[in-house]
Number of protein chains: 4
Amino acid sequence: MPEVRRDAERTRAELLAVATEVFAEDGYSGARVDEIAARTRTTKRMIYYYFGGKEGLYRAVLEEAYRGIREAERGIDVDHADPVQAVRALAEVTFDHHVQHDAFIRLVAIENIHRGDFIRQIDGLREASKPAKDVLDEILQRGRAAGLFRDDVEAIDVHLVISAYCVFQVANRYTFGHLFDVDMAEAGRRAHLRSVIGDVVVGWLTSPAA
Amino acid sequence: MPEVRRDAERTRAELLAVATEVFAEDGYSGARVDEIAARTRTTKRMIYYYFGGKEGLYRAVLEEAYRGIREAERGIDVDHADPVQAVRALAEVTFDHHVQHDAFIRLVAIENIHRGDFIRQIDGLREASKPAKDVLDEILQRGRAAGLFRDDVEAIDVHLVISAYCVFQVANRYTFGHLFDVDMAEAGRRAHLRSVIGDVVVGWLTSPAA
Amino acid sequence: MPEVRRDAERTRAELLAVATEVFAEDGYSGARVDEIAARTRTTKRMIYYYFGGKEGLYRAVLEEAYRGIREAERGIDVDHADPVQAVRALAEVTFDHHVQHDAFIRLVAIENIHRGDFIRQIDGLREASKPAKDVLDEILQRGRAAGLFRDDVEAIDVHLVISAYCVFQVANRYTFGHLFDVDMAEAGRRAHLRSVIGDVVVGWLTSPAA
Amino acid sequence: MPEVRRDAERTRAELLAVATEVFAEDGYSGARVDEIAARTRTTKRMIYYYFGGKEGLYRAVLEEAYRGIREAERGIDVDHADPVQAVRALAEVTFDHHVQHDAFIRLVAIENIHRGDFIRQIDGLREASKPAKDVLDEILQRGRAAGLFRDDVEAIDVHLVISAYCVFQVANRYTFGHLFDVDMAEAGRRAHLRSVIGDVVVGWLTSPAA
DNA sequence: CATGAATGAGTTTTCATTCAT
DNA sequence: AATGAATGAAAACTCATTCAT
């Protein structure tokens with residue numbers, strides 16, 4: 001394996017890692033190509049060499065971030081026999097996952113500000129997102145079959161409820177925290193927040209259908 | 001009545017209105033002072049005259065936006081005798097409210113990217129946010145007293161669940177919609193989404209305490 | 001006497017006083033019309049009304065400052081019978097005068113940066129400057145007649161030596177003080193500096209002609 | 001030897017040279033970044049690249065100017081055996097030096113208008129200024145030892161007297177020249193002015209102590 | 001692959017001055 | 001005589017990108 005090649009990979013990876021931080025921190029427009037390069041062992045020129053420019057770098061960051069997240073999600077395994085326990089565990093694990101991936105959530109918020117213009121250009125992302133829903137699907141089916149869950153709720157809706165809660169509690173913690181004078185990141189409060197989403201989903205799913 | 005004074009107000013207001021649009025559209029860094037001025041009957045110079053600069057203008061936009069939203073919220077009135085009906089109505093009205101104030105939600109997302117640096121500098125916002133929680137408080141108390149609601153849930157948590165759902169469904173609709181191939185803004189889907197948050201909250205609150 | 005007229009005078013005088021401070025502080029280019037107006041009870045518009053603009057105001061400031069200084073100088077009276085005592089007294093009084101009129105000296109420095117462009121436009125200044133030399137002339141004549149002073153020194157040269165020393169010690173005190181690590185404005189140092197110029201002039205004048 | 005590197009030096013040096021002229025001519029506030037760039041083979045952008053901004057450029061100009069002057073001063077050599085001749089020569093050489101460095105003196109005046117704010121930020125300037133005093137110290141000591149000079153005069157005071165005269169005669173020549181109707185730069189006048197400072201210092205130092 | 005220098009178009013900000021009343 | 005609002009030209013500064021080596 002040519003060592004040059006390896007350096008190239010390393011350079012690319014370093015650029016990507018730093019760019020992820022900077023874009024997550026300052027947004028697309030707020031991020032500075034100069035700053036990204038400066039935090040690296042390489043020079044600005046390499047951004048153009050490897051990624052074609054600022055936009056290409058941002059796209060690469062977004063893609064890499066989604067891939068990393070999906071990878072991490074695959075590690076999530078919720079094989080409780082009891083569907084109620086399973087869905088609560090899934091909610092909690094999702095919660096933890098979001099807390100741990102603050103930078104990713106910021107990138108997603110930024111991408112939404114841009115109306116998803118860049119994410120649409122990334123291939124294969126949709127496929128990678130399927131498993132998230134499939135796991136839920138399976139739990140819901142078991143729950144319904146056991147007469148534990150109401151039968152008018154679809155996996156995508158449950159996923160939406162869980163995602164919304166988990167994302168919001170990280171992404172909007174500054175404004176929400178300020179307005180209601182709570183520190184959303186403080187340990188005790190976090191534990192409480194974590195328990196709430198489980199209660200919400202279980203309470204909802206186990207209530208009688210409308 | 002001095003007409004001069006009124007022109008000043010008009011200039012200021014126009015600047016603020018246009019700036020709200022532009023900041024919501026492009027973010028703080030992405031917004032261009034030139035563009036804001038160009039969409040106005042005045043010149044760039046007036047931004048500095050009235051707001052001191054780009055940052056001052058952004059701050060004024062944020063403040064004005066929050067004030068407008070709180071004002072609108074005060075119009076929300078949910079006086080159902082039945083607590084269950086009341087909380088569902090509140091969730092749905094909140095949902096509608098968010099759908100209607102897309103620009104505001106974008107501003108809030110932008111402000112969270114900036115870690116709430118500017119919102120903290122605006123006085124009196126916290127006070128204005130209190131009513132939102134108070135309305136819920138009252139409904140919950142009635143629900144608990146009637147033995148309809150579980151008694152281990154606080155108003156702030158309900159508010160969080162509702163807000164998270166309503167905000168997410170607007171703010172993250174581009175990425176979520178893309179990944180799961182749904183148009184979050186399409187009428188039928190919107191109606192469904194609207195009914196879900198009611199189900200979630202009612203199901204949760206009427207389920208047995210943990 | 002119409003009161004309006006009096007207010008006008010007061011406004012003009014206030015503008016002039018503030019402008020003197022600001023120009024002396026920041027130089028011609030560095031001074032801000034807005035700042036001058038803001039420190040006044042009137043508005044910017046009055047600067048244009050009374051002085052035609054920034055330049056006119058500066059010219060008025062310069063003229064007024066020179067007039068004030070010449071006025072003050074006329075109060076200087078050195079009628080010692082002894083020419084040696086007289087010239088020393090004059091040097092010391094001049095020293096004190098400069099120390100007291102820091103702002104004026106700054107204005108003169110500023111005007112010299114502008115190569116005296118504005119001072120040349122002020123009429124009658126030359127006439128007002130004559131007395132300064134005349135006083136010296138008289139002392140020198142008495143000193144020469146008494147055989148105390150060398151006879152190859154002219155009043156203008158003595159005036160130059162005294163002025164140079166007195167002005168420099170005020171005007172250049174920041175750079176000179178910094179480079180040689182002394183505080184030129186400290187009381188003890190000031191007293192010493194004051195005595196030096198007397199020694200210099202007396203020593204020079206009483207030394208044998210070349 | 002990389003020619004690229006040399007271009008960088010050339011660009012920097014050219015910028016500095018032109019900036020020196022422009023700042024000396026128009027003062028800090030009066031100088032225009034655009035004008036400096038225009039007189040150069042590079043663009044305005046390079047000022048920010050190399051000096052960070054207008055202020056950084058001004059600071060660099062000031063530092064460079066002082067260094068150049070001190071360098072030139074080191075060339076001044078006054079090794080007359082006779083202390084009287086030596087001190088007169090020093091005064092005259094200093095006079096010539098000031099006449100030749102008009103731009104530097106203007107910069108110093110400008111810096112004093114700014115109360116020495118920038119000079120204080122330049123390291124090592126104090127050290128570089130020491131030799132000026134040391135040369136005088138040595139001459140004075142020899143003069144006192146030979147019984148030629150009064151023994152109550154310190155080197156710093158002599159330096160002040162000489163500097164004040166030489167600087168004033170250049171820096172304030174416009175106002176002084178106008179008020180007393182003399183052309184301070186005319187050759188005959190210059191020669192006379194030059195002889196005066198020698199007379200002053202020698203007369204002073206050789207006069208009896210107070 | 002790598003790098004420091006350079007660039008031009010754009011972006012924010014400032015300022016003396018004038019207008020309408 | 002006075003005032004707040006408004007202006008346009010100019011000034012400082014920034015940024016993504018490219019060049020020469």
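All of these numbers come straight from a predicted model, not from anything done at the bench. By convention in this document, chain letters (A, B, ...) are assigned in the order of the sequence lines, proteins followed by strands, and residues within each chain are numbered from 1.
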Original post:
Within the pair B:T11 and F:dA6, is there a side-chain N or O less than 4.0 Å away from OP1 or OP2?
Top reply: yes

Subject >> N/O donor-acceptor pair, side chain A:K54 with base F:dT17, under 3.5 angstrom >> reply: no

Original post:
In terms of side-chain geometry, is the basic nitrogen of B:E14 or B:R39 positioned less than 4.0 Å from the acidic oxygen of its partner?
Top reply: no

Subject >> d(CG, C:D34; P, E:dT17) in whole Å >> reply: 11 Å

Subject >> Per A:M46 side chain, nearest of listed nucleotides F:dA11, E:dA2, E:dT12 >> reply: E:dA2

**OP:** Name the nucleic acid region contacted by D:A31, choosing base, sugar-phosphate or nothing; use a 4.0 angstrom heavy-atom cut-off, strictly under.
**Re:** sugar-phosphate

Subject >> Candidate nucleotides E:dC19, F:dA16, E:dG4, ranked by approach to the side chain of A:R45 - the nearest >> reply: E:dG4

Original post:
Starting at CG of A:L57 and ending at C1' of F:dT17, how long is that distance when rounded to a whole Å?
Top reply: 14 Å

Original post:
Given that C:S29 and B:E55 both sit by DNA chain E, which one's nearest nucleotide is further toward the 5' end?
Top reply: B:E55

Original post:
C:T42 or D:G53: which one's nearest nucleotide on DNA chain F is closer to the 5' end?
Top reply: C:T42

Subject >> Distance in angstrom units between B:I47 CD1 and E:dT14 C1', rounded >> reply: 14 Å

Original post:
Out of F:dT14, E:dA5, F:dA6, which nucleotide sits closest to the side chain of D:A8?
Top reply: E:dA5

Original post:
Can a salt bridge be assigned to the pair B:E111 and B:R106 using a cut-off of 4.0 Å between side-chain N and carboxylate O?
Top reply: no

Original post:
Do NZ/NE/NH1/NH2 and the carboxylate oxygens of D:R59 and D:E63 come within less than 4.0 Å?
Top reply: no

Original post:
At their closest point, which heavy atom of A:I119 faces which heavy atom of B:H178, and how far apart are they?
Top reply: O-NE2, 3.8 Å

Original post:
CD of C:E9 versus C1' of F:dA1: gap in Å, rounded?
Top reply: 14 Å

Original post:
If you check the D:Y49 side chain, which of E:dC19, E:dA6, E:dA2 turns out closest?
Top reply: E:dA6

Subject >> Closest to the D:R32 side chain, choosing from E:dA6, F:dT17, F:dA11 >> reply: F:dA11

Original post:
Just checking D:F51: base, sugar-phosphate only, or nothing, at a heavy-atom cut-off of under 4.0 Å?
Top reply: nothing

Subject >> Any-strand Watson-Crick or G-U partner of F:dT14, both distances under 3.5 Å >> reply: E:dA9

**OP:** Could you state the atom-to-atom distance from CD of C:E14 to P of F:dA2 in whole Å?
**Re:** 11 Å

Subject >> Between C1' of E:dT3 and CZ of A:R41, the distance in whole Å >> reply: 16 Å

Original post:
Per the atom types in the model, does the base of E:dT3 pair as donor or acceptor with the side chain of A:K44 at under 3.5 Å?
Top reply: no

Subject >> Separation of A:F104 CZ from A:I69 CD1 (nearest 0.5 Å) >> reply: 4.5 Å

**OP:** Please tell me which of the listed nucleotides, F:dA16, F:dA1, E:dT11, lies nearest to the side chain of A:Y48?
**Re:** F:dA16

Subject >> Over-ring placement of A:K54 relative to A:Y48, 6.0 Å and 45° cut-offs >> reply: no

Subject >> Of D:Y50 and B:E35, the one whose closest DNA chain E nucleotide lies more 5' >> reply: D:Y50

Original post:
For E:dT21, which nucleotide in any strand shown is its Watson-Crick or wobble partner with both distances under 3.5 Å?
Top reply: F:dA2

Original post:
Which whole number of Å gives the distance between the C1' atom of E:dC1 and that of F:dT21?
Top reply: 13 Å

